[in-house]
Each structure stands twice: as C-alpha cells, then as structure tokens.
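As structure tokens, the structure follows; a few thoughts come after it.
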Protein chains: 2
Amino acid sequence: MPAQVPIPGQPVRGSKSGKPIMALFDLLGRSWALGVLWQLSEGGLTFRALQDRCEMVSPTVLNRRLKELSASGLVARGEDGYALTEAGQELYALLRPFGPWAQSWAAMLNGMDRD
Amino acid sequence: MPAQVPIPGQPVRGSKSGKPIMALFDLLGRSWALGVLWQLSEGGLTFRALQDRCEMVSPTVLNRRLKELSASGLVARGEDGYALTEAGQELYALLRPFGPWAQSWAAMLNGMDRD
DNA sequence: TATATTTGCTACCCAAAGCGTAGCGAATCT
DNA sequence: AGATTCGCTACGCTTTGGGTAGCAAATATA
C-alpha cells in the first residue's frame, strides 16, 4: 500500500476528525514538503533541478512528496517541470513571511545561547 | 545520540548551509510540531492535556517535539504547563491564516475530485 | 498519615518513513 | 550511433514515529 495522502475530511495521521487544518499539517509536516513548496515559488523546476536545489533529498522522498503535493492540488507538472498550482501559490503566499521571520528567529537564538 | 535539534546557522536535515528558513522547515517538518504550536495557541496546557488534544500522539514523540521546540525558543514550560514563548506566538500569528485557508482548500479538493 | 490519583515523563520494541546508491527506460543532445 | 539528461524505481540500511507499560514526584483525598 502506497503512502497515504492526507485528504481533508478523512481521518489522517493525527486527527480522526479530518479537520482541514490537521490534514494540512499532516501533509506539510513531512520531510521536504515545505522545502519543495519554497523552492518552487520562483517558477517551475524539473525533477533533477528540484533535487539539486534541495541538496539533501533523495529521489525516493522527493518523488513521494511530489505525488502527495500533486494529489493535494498544490503542485502540478507542466511544460517546465513541476510548478505550484494556484492553490500552491496561495499557500506559498502564506508561507513567504516565514522567511524574514526565520532570520530574526535565528538572530534571537544566536543572541540567547551562542558563546 | 539524541535527536538533533535544527539550529539556524548549523547544517540541518536538508541544508548544509543552515539557512534559517531551512532550519525552521526542518523543525516544523516533523510530526506534530505544527500541531503542537496550534494547540498551544489558546494558552498553556499540561503535558497530559496536550496529549489529549492531539488525539493520536504518543508521549514519546510529544516529549521529543516539546524538547525541540523548547530548545528552539518557541515553547517553554511555565506555571500552567507548556506555553508558547513570545517567538512562538509570533510564529503562530504567521500560522493562523493557515486555518481558514485549509478550509477553502478542503472545499476545493472536494469540489474537484469527489464523486 | 496513608492511599489514590494525576502528572511528566522514560524504556522498550516494532512499524513506518527517510536516506544513499545504483541503475533503468525514454527523451534529447552531439 | 553514442553520450547525456531526465524522471523516476529498487534495494538495503538508518532514523523516526507509534503503542504500551510503567515509574518517580507532586497533588489530591481519606
């Protein structure tokens, strides 16, 4: 049985109720899911290109994530490889502020326990 | 060797460069990390209460996530159990819009391939 | 004070997910 | 034709996650 894709409305890892937010967290809480969305934000990438951008992802996992993200309507394969769908772009828009926030978070962490 | 906590600036799962966003994605891309932040948004919860809210989390994993999130300065233990730190609340603020978005995403998915 | 309950875990062990490497068939370049 | 690139899949190993049991400390109860 192949890996299950979390679909809102159906029980998923971590939620019998299948609440959409839990299905989403299940989907995004898998290795490289967030990273893939992030890398695809600037435009379509081929499988290999994506693999290169994500330095340490194995083709096995990348392929699994791409299938899941496709089944969830966030990513689709087009002319220029894999790209975000409209929904994927919406989600990325929500994700984008994480970039700058991560910067200040890093600064804070360095300040509090470095040296 | 205990589980490694992704710290920005140091190589993490998925990034030799240790880019903050990658460290963050590594941290959040683990089972229940997002769910825990979500559940703690409304106030502090004891370990057991948190465990109940997250219906299907084992104490093993919950404890691991809490340690990681604590080490990352997003969660801390206080009077009333575990609670979001200031940084955790900032991150939650970025996360909150995912709730409504997940709703419309669910609606879209049901519309496109159900029946 | 003794007992019972709750809390915050840890140990243990099995299952699932992830990783690394190799490589294959199809398409594209030379 | 030969070489390279592309999108994967197979395989075996390591890491992570999950389920259950249970323990020591704190708190409630008698």
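Below, chain A is the first sequence line, B the second, and so on; all start at residue 1.
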Rounded (10°) bend between the five-pair end axes of the helix from C/dT1-D/dA30 to C/dT30-D/dA1: 30°
Ring pair (Phe, Tyr, Trp, His ring centres under 6.0 Å) assessment of B/F25 paired with A/W32: CA-CA 8 Å; B/F25 284 170; A/W32 281 107; 9.1 Å; no
A/W101: side chain to side chain donor-acceptor pair (under 3.5 Å) partners, not counting sequence neighbours: B/E90
A/F47 CZ to C/dT28 P, straight-line distance once rounded to whole Å: 18 Å
For atom CG of B/L50 and atom C1' of C/dT7, their distance in whole Å: 13 Å
Close side-chain approach of B/V36 and B/V57, heavy atoms under 4.5 Å: no
C/dC19 phosphate, OP1 or OP2, under 4.0 Å from A/S31 side-chain N/O: yes
Selection from D/dC8, C/dC9, C/dC19 that lies nearest to any side-chain heavy atom of B/R77: C/dC9
For nucleotides 20-25 of chain C, give me every protein contact, N/O to N/O, under 3.5 Å, one pair per line with atom names.
{"from": "C/dG20", "atom 1": "O6", "to": "A/T60", "atom 2": "OG1", "distance (Å)": "2.9"}

Spacing of B/L62 atom CG relative to D/dG18 atom P, expressed in whole Å: 11 Å
Donor-acceptor under 3.5 Å (B/R30 side chain, B/D26 main chain): yes
4.5 Å side-chain heavy-atom contact, A/K67 and A/R64: no
Between D/dG19 (P) and B/N63 (CG): distance, integer Å: 16 Å
Donor-acceptor under 3.5 Å (B/T85 side chain, B/G73 main chain): yes
CD (B/Q89) with more than 12 external heavy atoms under 6.0 Å: yes
Nucleotide nearest A/T46 (side chain, heavy atoms from C-beta), chosen from C/dG8, D/dC6, D/dC8: D/dC6
Under-4.0 Å side-chain N/O to phosphate OP1/OP2 contact, A/R65 with C/dA17: no
Under 3.5 Å donor-acceptor, B/W105 side chain and A/P8 backbone: no
A/R64 side-chain N/O to C/dG18 phosphate OP1/OP2 under 4.0 Å: yes
d(NZ, A/K67; P, C/dA17) in whole Å: 14 Å
Rounded distance (Å) that lies between atom C1' of D/dG19 and atom CD of B/E55: 16 Å
Interatomic distance, A/D26 CG vs D/dT16 P [rounded to whole Å]: 18 Å
Close side-chain approach of B/L34 to B/F98, heavy-atom, < 4.5 Å: no
Between P of D/dG17 and CH2 of B/W32, the distance in whole Å: 13 Å
